**Student:** 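Sharing a structure, written as structure tokens. Questions coming.
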2 protein chains.
Amino acid sequence: MPATRRGELRRAALLDAARDVFLEQGYARASIDEVVQRVGGSKATVYQYFGSKEGLFGEMIAHQCQQLIDSAEFPGRGSAPGADIEQVLLQFARRVVQLFLAPGRIAMHRAMIAEAGRFPELAERFYDAGPKRGLALLSGYLRGQHEAGVLDCPKPDWSAVQFMNLVRTYPMFRALHGMQPMPEGDDLDEFLQHAVRLFLNGCRIQG
Amino acid sequence: MPATRRGELRRAALLDAARDVFLEQGYARASIDEVVQRVGGSKATVYQYFGSKEGLFGEMIAHQCQQLIDSAEFPGRGSAPGADIEQVLLQFARRVVQLFLAPGRIAMHRAMIAEAGRFPELAERFYDAGPKRGLALLSGYLRGQHEAGVLDCPKPDWSAVQFMNLVRTYPMFRALHGMQPMPEGDDLDEFLQHAVRLFLNGCRIQG
DNA sequence: AATGAACTGTAACGTTCAGTACATTACCAC
DNA sequence: GTGGTAATGTACTGAACGTTACAGTTCATT
């Protein structure tokens, strides 16, 4: 809680540097000295604002979550009811994968999983900031299609989860494990189309 | 590379203790002193056998992967061609989830993801020992059903990936992030049934 | 039983790092 | 300006840890 303008800037700079260092090195390996060195300030400031290494990490994650909320726009928010479902879902899938594989997001995900045992509330916050909002949006869309008699989706919440898993798990798994090569470009898009078709066939009204 | 019987036992005991410590604390936080303290030996032995902390971690992971290979039996290996597909897949799904959520496996997965940047070849080895073998088995089964004209599965490899993602991602995601409550018992089984049905509908021969 | 190699315990070294103390400097209200 | 508060730089402490050296012990073989 800085009280001056310079303090605010310092705090923001510290959070940015902390993000870089923590996400590059992981929580345990990261050192506060390195964070301080990158912004040119002093350790005393870190402890004045954040109290401890854990505090710095926690506020950094919270800050990133807020940025995720601010930046994550999904398509189909107010999509026309008559729009082609396959195209709407495909656009949604592309956006989801794009968000999950954005630069730095994988590192953040790794850090979160690595420290999930020590900071369980941070994982919750991340879930609320990211996946939960996408799921809610998709679930609402699916419910609408169900009620309109276009899809057979009696449990839109579950179906939304399954769509997300179908779409994002494969590239995310590879990215989290650092496996090469990563699917991208046309290969990735073909995979997404395959997933969307499987999902749509699975939810199609059975004749 | 121990040359005596006592040495072999020591090495095995060290690997076991290393597993516990590394998986409880994570790589960076774990200390060799604690590993040694748990088996009552001496640090010199660790450095004689494994050379370094990284070496110990690497061999521990390799050892765990071998155990995973030895223990992972999947159903449906030689399942009767006429068996009910839904039941075969459901059994498979249950087994996959059971394997992924086995005690200690989540911790191992966390450690692997956390250190994926530093030990990329370990992630590959883990993938080969676990997921890859399950995928190959499932893919073979799906190919058979496709050729028999029962399912519409022109790309059984991709379909196998999608089935796995559909089935294991939700509980695994929650477990990796330490989220409570974990789905289990009847709730989990209902989720698996829902996933299997979605997949089967998606691959059903379209009339 | 003897011998040499494999193994183990103790103790230390050098480094890294979270956290702190304190004196100094920049900022803001009046 | 001036006084008071916030911010900063420096230097330090104490502990933890990876790694190594060395001396003593156990073991397999003859």
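Order of the sequence lines fixes the chain letters, A, B, ..., with proteins taken first and strands second; residue numbering starts at 1 for each chain. Everything numeric in this text was worked out from a predicted model, so none of it was measured.
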**Student:** Could you tell me how far apart A:Q25 (CD) and C:dT16 (C1') are, to the nearest whole angstrom?
**Tutor:** 13 Å

**Student:** Distance check: side-chain N/O of A:R10 vs OP1/OP2 of D:dA7, anything under 4.0 Å?
**Tutor:** no

**Student:** For a quick test of reading the model: is some side-chain N or O of A:Y49 closer than 4.0 Å to OP1 or OP2 of D:dA7?
**Tutor:** yes

**Student:** I'd like to know whether the aromatic ring centres of A:Y141 and A:F92 sit less than 6.0 Å apart in this structure.
**Tutor:** no

**Student:** Taking atom types as they are modelled, is there a donor-acceptor pair under 3.5 Å from the base of D:dT19 to the side chain of B:K43?
**Tutor:** yes

**Student:** Taking the six-membered ring for Trp, are A:F173 and B:H109 parallel (under 30°), tilted (30 to 60°) or perpendicular (over 60°)?
**Tutor:** perpendicular

**Student:** CZ of A:R29 versus C1' of C:dT16: gap in Å, rounded?
**Tutor:** 12 Å

**Student:** Take the C1' atoms of the five end pairs on each side of the helix from C:dA1-D:dT30 to C:dC30-D:dG1, get both axes, and report the angle to 10 degrees.
**Tutor:** 30°

**Student:** Please tell me if B:T45 has a side-chain N or O lying less than 4.0 Å from either OP1 or OP2 of C:dT8.
**Tutor:** yes

**Student:** At their closest point, which heavy atom of A:P156 faces which heavy atom of A:R143, and how far apart are they?
**Tutor:** CG-NH2, 3.5 Å

**Student:** To the nearest Å, give me how far apart CD1 (B:I32) and P (C:dT16) are.
**Tutor:** 17 Å

**Student:** Can you measure B:E8 atom CD to D:dA28 atom C1' for me and round it to whole angstrom units?
**Tutor:** 14 Å

**Student:** Taking the six-membered ring of B:F191, is the NZ or CZ of B:R174 close enough (under 6.0 Å from the centre) and on axis enough (within 45°)?
**Tutor:** no

**Student:** Could you pick out which residue, A:A44 or A:S31, lies toward the 5' side of DNA chain C when each is mapped onto its nearest nucleotide?
**Tutor:** A:S31

**Student:** Specify the separation, in whole Å, of atom CZ of B:R11 and atom P of C:dT8.
**Tutor:** 13 Å

**Student:** Among the nucleotides D:dT19, C:dT20, C:dT8, which one has an atom lying closest to any side-chain atom of B:K53?
**Tutor:** D:dT19

**Student:** Which whole-number value in Å describes the distance from A:L14 CG to D:dA7 C1'?
**Tutor:** 11 Å

**Student:** Testing A:K53, A:R38, A:K43 one by one against A:D33 for a salt bridge (charged side-chain N to carboxylate O under 4.0 Å, His left out), which residue passes?
**Tutor:** A:K43

**Student:** At 4.0 Å (heavy atoms only), tell me whether B:A30 reaches a base, stays on the sugar-phosphate, or touches nothing.
**Tutor:** sugar-phosphate

**Student:** Would you mind reading off the distance between B:D33 atom CG and C:dT10 atom P, rounded to a whole angstrom?
**Tutor:** 12 Å

**Student:** Above 12 or not: heavy atoms from other molecules or residues under 6.0 Å from CZ of A:R125?
**Tutor:** no

**Student:** Which part of the nucleic acid, if any, lies within reach of B:G55 when heavy atoms closer than 4.0 Å are counted: base, sugar-phosphate only, or nothing?
**Tutor:** nothing

**Student:** Which of these nucleotides, C:dT10, D:dT10, D:dA7, is closest to any side-chain atom of A:S42?
**Tutor:** D:dT10

**Student:** Expressed as a whole number of angstroms, how long is the span from A:Y47:OH to D:dT10:P?
**Tutor:** 18 Å

**Student:** May I ask you to decide if B:E190's main-chain N or O and B:H194's side chain share a donor-acceptor pair within less than 3.5 Å?
**Tutor:** no

